Visitor: 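The structure under discussion is supplied below as structure tokens; questions concerning it will follow.
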Amino acid sequence: MAKIVADIVIDTLEASGVQRVYGLPGDSLNGFTDALRRNGRITWEHVRHEEAAAFAASAEAALTGRLAVCAGSCGPGNLHLINGLFDAQRSGVPVLAIAAHIPAEEIGGQYFQETHPQELFRECSVYCELAASADQVPRLVESAMRAALERGGVGVVVIPGEMFLAGAPKDAKPVKVVKAATVVHPDGESLAEAARVIDAASKVTILAGAGCAGAHGELIAFADALKAPIVHAFRGKEFVEYDNPYDVGMTGLLGFSSGYRAMEHCDTLVMLGTDFPYRQFYPENVPVIQVDIRGERIGRRTPVQVPLVGTVKDTLNALLPLIKPKSDAGHLDRMTAHYRRARAGLDRLAKPGRRSSPLHPQFVATTIDRLTAQDAIYTVDVGTPCVWAARYLTMNGRRRLVGSLNHGTMANALPHAIGAQAAHPGRQVIALAGDGGLAMLLGELLTLRQQNLPVKIVVFNNGALSFVELEMKAAGIVTYGTDLLDPDFSAVARAVGIHGVQVTKAKELESALRAAFDHDGPALIDVRVDRHELSLPPKLTFGQLKGFTLYATRTVLSGQADELVELTKTNLRQLESE
């Protein structure tokens, strides 16, 4: 049988190491999916919503560093990919999206299901092109793959469905597309300037992010030479936190006081592979050195005195010989002592509590941390699950953590777990889901069952969009529209053939988690947690304090005093732990 365009596309994906494609079938994708069937070596990971396909590809790419692929049919099909593609793009992970399109001759005529994908996906991609002819398709796919890998983002190819079925060009051959190996560090003059600034400082603090992946040894050696505490951003947690005597925790809205203080009291800040977005947490009037492989990111959060374009690993290897090792560890000792106190306060909150119900979410998170494998992969929903993961999951260099930590969308934990488990079938994958997030893509429970993916889902079920409530309280607004009338998610799980159990008491938690983690297949644990557990940031502004006061007053006046009483009890418990 003569090869068609779709065969060349599939052969190129296979030659480049792609092992699976996430998506839903559709008529405009028929040529592509049939070529997958004939190939038989790249699997079709059938999800129930294209958004989940893009999330799954994003997680696979984040965990493996290799190109991951998703596909959607014309119109509404590929349009559903957009949220997951934004997640991949903003996380800087390589994803190829195959966006099938209406027949080429019908474009521009308001044809059935017509959209303009090449315009829709422009903002969430590093490459986005519409194929004008069948002969052009293999070259465009190769270009999109290479752009995604080299630039760290999403490559989109929009392909009218009939072009997949066209005969392949005579000279078309599959191409192996992989990321090129490089060494990238700044020029000598920039490195020398950075060394001068560091040598003149007495209290250096390091802010480390996801760009420190693969550079753990260099990071620790650098901190040791500078006697510098290391603050980590959330995306840097899995790469920075472990085997690190210089770690002082996180800063930011999910962090705690020690990370904030280490940046507040420094006289020079060194940013390594992070685009930490919250300006209010940066120190004022101190020199900042920023290292990033993408120079356009430098200086957009805080003024930077010395910009260094390069990888963290290569830049630190080049910079370390130029600096004078410091002997005064006073700043480091003060900040690590502060961290130990802050850590102890957080750990005191992670108790089962005196009441049998509801459970404290901190206790749930620490129990998960204790019972899961040393190479577990965690996915976390945006909102309070992120808070508990940031503060209570322990990284060790083998565990991995995936979330929508830049795009910040709900509903990511379950579809991220699909991609994580598909790419790592022998590892334990735990999704820390919120009740609101899980409900958004609840149909993906069917994907776990159909694809036989043994993901374990722990639902932090508090009957509310609780992080949204926290934002309302801080703004002085009476909580409204955040109640969730949830089902028993464990019963839903059982209805679709998944192991499911509900936990309402602390004494039930460990046995339920153990049974789920040991179960040979997907499992869901619906844990009813305290709705009013307040996750305060390390720095409260006057505006936030004023907002909480207004919220309390307005809540009483609106007849919701019972809610305020419960919140006050929870706050007192947290204050007692300090």
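Just so it is clear, the model here is predicted, and its values are computed rather than measured. Residue indices begin at 1 and follow the sequence shown.
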Visitor: Output the distance between atom CG (Leu120) and atom CG (Leu81), rounded to the nearest 0.5 Å.
Guide: 11.0 Å
Visitor: Flag yes if more than 12 heavy atoms outside Glu105 fall under 6.0 Å of its CD atom; otherwise flag no.
Guide: no
Visitor: Apply side-chain hydrogen bond (donor to acceptor under 3.5 Å, both in side chains) to the pair Ser490 and Asp488, showing each step before the final yes or no.
Guide: CA-CA 5 Å; Ser490 67; Asp488 177 351; 2.4 Å; yes
Visitor: If you round to the nearest 0.5 Å, how far is CD of Glu106 from CD of Glu162?
Guide: 9.5 Å
Visitor: May I ask you to decide if Ile8's main-chain N or O and Thr12's side chain share a donor-acceptor pair within less than 3.5 Å?
Guide: yes
Visitor: Using the side-chain hydrogen bond (donor to acceptor under 3.5 Å, both in side chains) rule, collect all pairs that involve residues 418-429, keeping only residues at least two apart or in two chains.
Guide: none
Visitor: Identify the two heavy atoms, one from Gly167 and one from Val5, that lie closest to each other, and give their separation to 0.1 Å.
Guide: O-CG2, 3.9 Å
Visitor: Side chains of Phe86 and Glu123, heavy atoms from C-beta outward: is any pair under 4.5 Å?
Guide: yes
Visitor: Between Arg41 and Asn39 (side chain of the first, backbone of the second, donor and acceptor by atom type, cut-off under 3.5 Å), is there such a pair?
Guide: yes
Visitor: Closer than 3.5 angstrom, by distance alone: can the side chain of Asp381 be matched with the main-chain N or O of Gly434 as a donor-acceptor pair?
Guide: yes
Visitor: For side-chain contact (heavy atoms from CB on, under 4.5 Å), just list the numbers for Val154 and Val126, CA-CA rounded to whole Å, side-chain angles, deciding distance to a tenth of an Å, and then say yes or no.
Guide: CA-CA 6 Å; Val154 174; Val126 294; 5.7 Å; no
Visitor: Counting distance only, does the side-chain N/O of Asn412 pair as donor-acceptor with the main-chain N or O of Val380 below 3.5 Å?
Guide: yes
Visitor: Within the side chain of Glu114, is there an N or O that forms a donor-acceptor pair under 3.5 Å with the backbone of Gln110?
Guide: yes
Visitor: Do Lys237 side-chain atoms and Leu393 backbone N/O form a donor-acceptor pair below 3.5 Å?
Guide: yes
Visitor: Could you list the residues that satisfy side chain to side chain contact (heavy atoms under 4.5 Å, CB included) with Thr311, not counting sequence neighbours?
Guide: Val184, Ile293, Lys313, Asp314
Visitor: Please name all residues satisfying side chain to side chain contact (heavy atoms under 4.5 Å, CB included) with Leu438, sequence neighbours left out, ordered by chain then number.
Guide: Leu414, Ala433, Leu442, Val459, Phe489, Leu524
Visitor: Search all heavy atoms of Glu50 against all heavy atoms of Gly77 and return the closest pair with its distance.
Guide: CG-O, 3.2 Å
Visitor: Residues two or more places apart in sequence or in another chain: which of them pass side chain to side chain contact (heavy atoms under 4.5 Å, CB included) with Thr447?
Guide: Val47, Arg48, Ile418, Glu444, Gln451
Visitor: Has the side chain of Gln89 got a donor or acceptor atom that lies under 3.5 Å from a matching backbone atom of Leu85?
Guide: no
Visitor: Write down the atom of Val95, the atom of Cys70, and the distance for their closest heavy-atom approach.
Guide: CG1-SG, 4.2 Å
Visitor: Would you mind reporting whether Lys456 and Pro522 have side-chain heavy atoms less than 4.5 Å apart?
Guide: no
Visitor: Please report the interatomic distance CD1(Ile98) to OH(Tyr22), rounded to the nearest 0.5 Å.
Guide: 15.0 Å
Visitor: One pair to check against side-chain contact (heavy atoms from CB on, under 4.5 Å): Leu67 and Val177. What are the steps and the verdict?
Guide: CA-CA 9 Å; Leu67 185 76; Val177 182; over 6 Å; no
Visitor: Looking only at heavy atoms, what is the nearest atom pair of Ala35 and Ile10, with distance?
Guide: CB-CG1, 3.7 Å
Visitor: List the atom of Pro25, the atom of His46, and the distance in Å for their closest heavy-atom pair.
Guide: CD-NE2, 3.9 Å
Visitor: Taking the side chain as C-beta and beyond, is there a heavy-atom pair between Leu96 and Leu13 under 4.5 Å?
Guide: yes
Visitor: Would you check, one step at a time, whether the test side-chain contact (heavy atoms from CB on, under 4.5 Å) holds for Arg38 with Asp34?
Guide: CA-CA 6 Å; Arg38 293 194 305 274; Asp34 193 54; 2.6 Å; yes
Visitor: Look only at the side chain of Arg37 and the backbone of Thr33, and say whether a donor-acceptor pair between them is shorter than 3.5 Å.
Guide: no
Visitor: Is there a side-chain contact between Phe517 and Ile430 in this structure, where contact means two heavy atoms from C-beta onward sitting under 4.5 Å apart?
Guide: yes
Visitor: Examine distances only and state if a side-chain atom of Asp292 and a backbone atom of Arg297 form a donor-acceptor pair shorter than 3.5 Å.
Guide: no
Visitor: Please list, chain by chain and in numerical order, all residues satisfying ring-ring contact (aromatic ring centres under 6.0 Å, His included) with His80, sequence neighbours excluded.
Guide: His49
Visitor: Quick one: pull up CD in Glu471 and OG1 in Thr479 and give me the separation to the nearest 0.5 Å.
Guide: 13.0 Å
Visitor: Quick one: does Asp7's side chain have a donor or acceptor within less than 3.5 Å of a partner on Ile4's backbone?
Guide: yes
Visitor: Is it true that His216 and Tyr242 have ring centroids separated by less than 6.0 Å?
Guide: yes
Visitor: Could you check whether any side-chain heavy atom of Arg400 comes within less than 4.5 Å of a side-chain heavy atom of Phe239, counting everything from C-beta outward?
Guide: yes
Visitor: Quick check for you: to the nearest 0.5 Å, what is the distance between His416 atom NE2 and Ser91 atom OG?
Guide: 6.5 Å
Visitor: Checking side-chain polar atoms at under 3.5 Å, does Asn78 have a donor or acceptor matched by the opposite partner on His101?
Guide: no
Visitor: Between Asn83 and Thr409, is any side-chain donor less than 3.5 angstrom from a side-chain acceptor?
Guide: yes
Visitor: In terms of side-chain geometry, is the basic nitrogen of Lys173 or Asp11 positioned less than 4.0 Å from the acidic oxygen of its partner?
Guide: no
Visitor: Between the side chains of Thr251 and Tyr278, is a donor N or O closer than 3.5 angstrom to an acceptor N or O?
Guide: no
Visitor: Does the side chain of Leu432 come within less than 4.5 Å of Phe460's, by heavy atoms?
Guide: yes
Visitor: Once rounded to the nearest 0.5 Å, what's the spacing between atom CZ of Phe467 and atom CG of Asn462?
Guide: 12.5 Å
Visitor: Is the closest basic N to carboxylate O distance between Arg300 and Asp275 below 4.0 Å?
Guide: yes
Visitor: What heavy-atom pair brings Pro169 and Asp135 nearest, and what distance separates the two atoms?
Guide: CG-OD1, 3.5 Å
Visitor: Can you tell me which residue among Glu241, Glu238, Gln374 is in a side chain to side chain contact (heavy atoms under 4.5 Å, CB included) with Arg399?
Guide: Gln374
Visitor: Tell me, with the steps shown, if Val527 and Val458 meet side-chain contact (heavy atoms from CB on, under 4.5 Å).
Guide: CA-CA 7 Å; Val527 185; Val458 182; 4.0 Å; yes
Visitor: Considering only NZ, NE, NH1 and NH2 on the basic side and carboxylate oxygens on the acidic side, decide whether Glu60 and Arg20 come within less than 4.0 Å.
Guide: yes
Visitor: Just so I know, are the side chains of Val291 and Pro307 near enough to count as touching, which here means a heavy-atom distance under 4.5 Å?
Guide: no
Visitor: Check whether any side-chain heavy atom of Ser404 sits under 4.5 Å from a side-chain heavy atom of Met410, and report yes or no.
Guide: no
Visitor: Looking at residues at least two apart in the chain, or sitting in another chain, which of them share a side chain to side chain contact (heavy atoms under 4.5 Å, CB included) with Thr274?
Guide: Leu207, Ala233, Met271, Phe276
